[in-house]
There are 2 protein chains.
Amino acid sequence: MRTTIPDEILDRVAEKFRMLGDPTRLVILRALMAGEKNVGMVVTETGQGQANVSKHLKLLAEAGMVRRRKEGLQVFYSLGDPLVEDLCELVCGTIVREAQADVERNRKILKTWGGRS
Amino acid sequence: MRTTIPDEILDRVAEKFRMLGDPTRLVILRALMAGEKNVGMVVTETGQGQANVSKHLKLLAEAGMVRRRKEGLQVFYSLGDPLVEDLCELVCGTIVREAQADVERNRKILKTWGGRS
DNA sequence: TTGAAAAATTCCTGACTGGCTATATAGTTC
DNA sequence: GAACTATATAGCCAGTCAGGAATTTTTCAA
């Protein structure tokens, strides 16, 4: 039996997912998956504006999905726990499976109805 | 080595997460975790308005996270694949760990600085 | 102290979205 | 067909949020 989501943490669960529900944030997190980076590096790597990156990193840090370390002028961010990677891997796997199912379905359709153009 | 998120599916990954990033949708999905239900049952179980539930279910179905089956007047929805449950379980586990860490931290603070009131 | 660099913050705007009410559609029963 | 039920849809409003430009804060170096 699987445990259900307790009411008390529903909002926090939603918050975590909401943080991952934005493509720009995913790109930022993907950049951090390769290792700790400062804001400037994330900016150049993602092509996003500095203000935007800073804002997103703040949100991610507040949600506890990213760690913050200050060193002189620069601030370094890194993934806090493997949760993010695990979640992304699961979802990516599902999407790949969906794509494969699509391909298979189309292959059958073509086999039955398709001819040479 | 972990595979990174391919650019081509970034938006779809974000969409899946975005679907889970709303407390109401989580409640709806939680209801479906117990098994297939028609819209009316989900409405009474979640306490949400009928129009809202219908809209959310439509979104979830479009995102491929919920299956739709029509039977006479009623429409039954069910979880399509175990992805949702897996994701929720992971996040819940993390939040519980965070809470435990908080408790532990506070315990130490009290042990050092706290006295009897 | 002045200047420069990195990051954060503020303000603004446009787009999106959750929830509501009312209405429409589809299917059943009489 | 008329009445009824279950679900879907349309329209509206308020709140939220991503992105950009400009400014501020923080820190280091000269």
Check the distance between [N]'s [atom2] and [X]'s [atom1] and give it to me in whole angstrom.
X       : N      : atom1 : atom2 : answer
B:Leu57 : D:dA6  : CG    : P     : 16 Å
A:Leu73 : D:dT24 : CG    : P     : 19 Å
A:Arg18 : D:dA18 : CZ    : P     : 9 Å
A:Leu26 : D:dA18 : CG    : P     : 12 Å
B:Asn38 : D:dT5  : CG    : P     : 15 Å
A:Glu15 : D:dT16 : CD    : C1'   : 14 Å
B:Gln50 : D:dA6  : CD    : C1'   : 8 Å
B:Leu59 : D:dT9  : CG    : P     : 11 Å

* Under 4.0 Å from any heavy atom of chain A: name the first and the last nucleotide of DNA chain C that qualifies, 5' to 3'. => C:dA5 to C:dT9
* Asked: So do the side chains of A:Glu89 and B:Thr4 get within less than 4.5 Å of each other, counting heavy atoms only?
  -> no
* Asked: Any salt bridge between B:Arg12 and A:Glu98, counting N to O under 4.0 Å?
  -> yes
* Asked: Thinking salt bridges, do B:Arg18 and B:Asp11 make one under a 4.0 Å N-O criterion?
  -> no
* Would you please test A:Glu71 and A:Arg69 for side-chain contact (heavy atoms from CB on, under 4.5 Å) and show each step? => CA-CA 7 Å; A:Glu71 182 180 322; A:Arg69 182 175 70 83; 2.7 Å; yes
* **5' precedence on DNA chain D between B:Lys55 and A:Asp22 (nearest-nucleotide basis)** => B:Lys55
* By nearest nucleotide on DNA chain D, pick out whichever of B:Gln74 and A:Glu71 is the more 5' one. => B:Gln74
Do you know the tightest heavy-atom contact between [X] and [Y]?
X       : Y       : value
A:Lys16 : A:Gly64 : NZ-O, 4.1 Å
B:Cys88 : A:Ile5  : SG-CD1, 3.7 Å
B:Asn52 : B:Gln48 : ND2-OE1, 4.2 Å

* How is A:Phe76 classified with respect to the nucleic acid when contacts are heavy atoms under 4.0 Å: base, sugar-phosphate, or nothing? -> nothing
* Asked: Within less than 4.0 Å of OP1 or OP2 of D:dG20, is there a side-chain N or O belonging to A:Asn52?
  -> yes
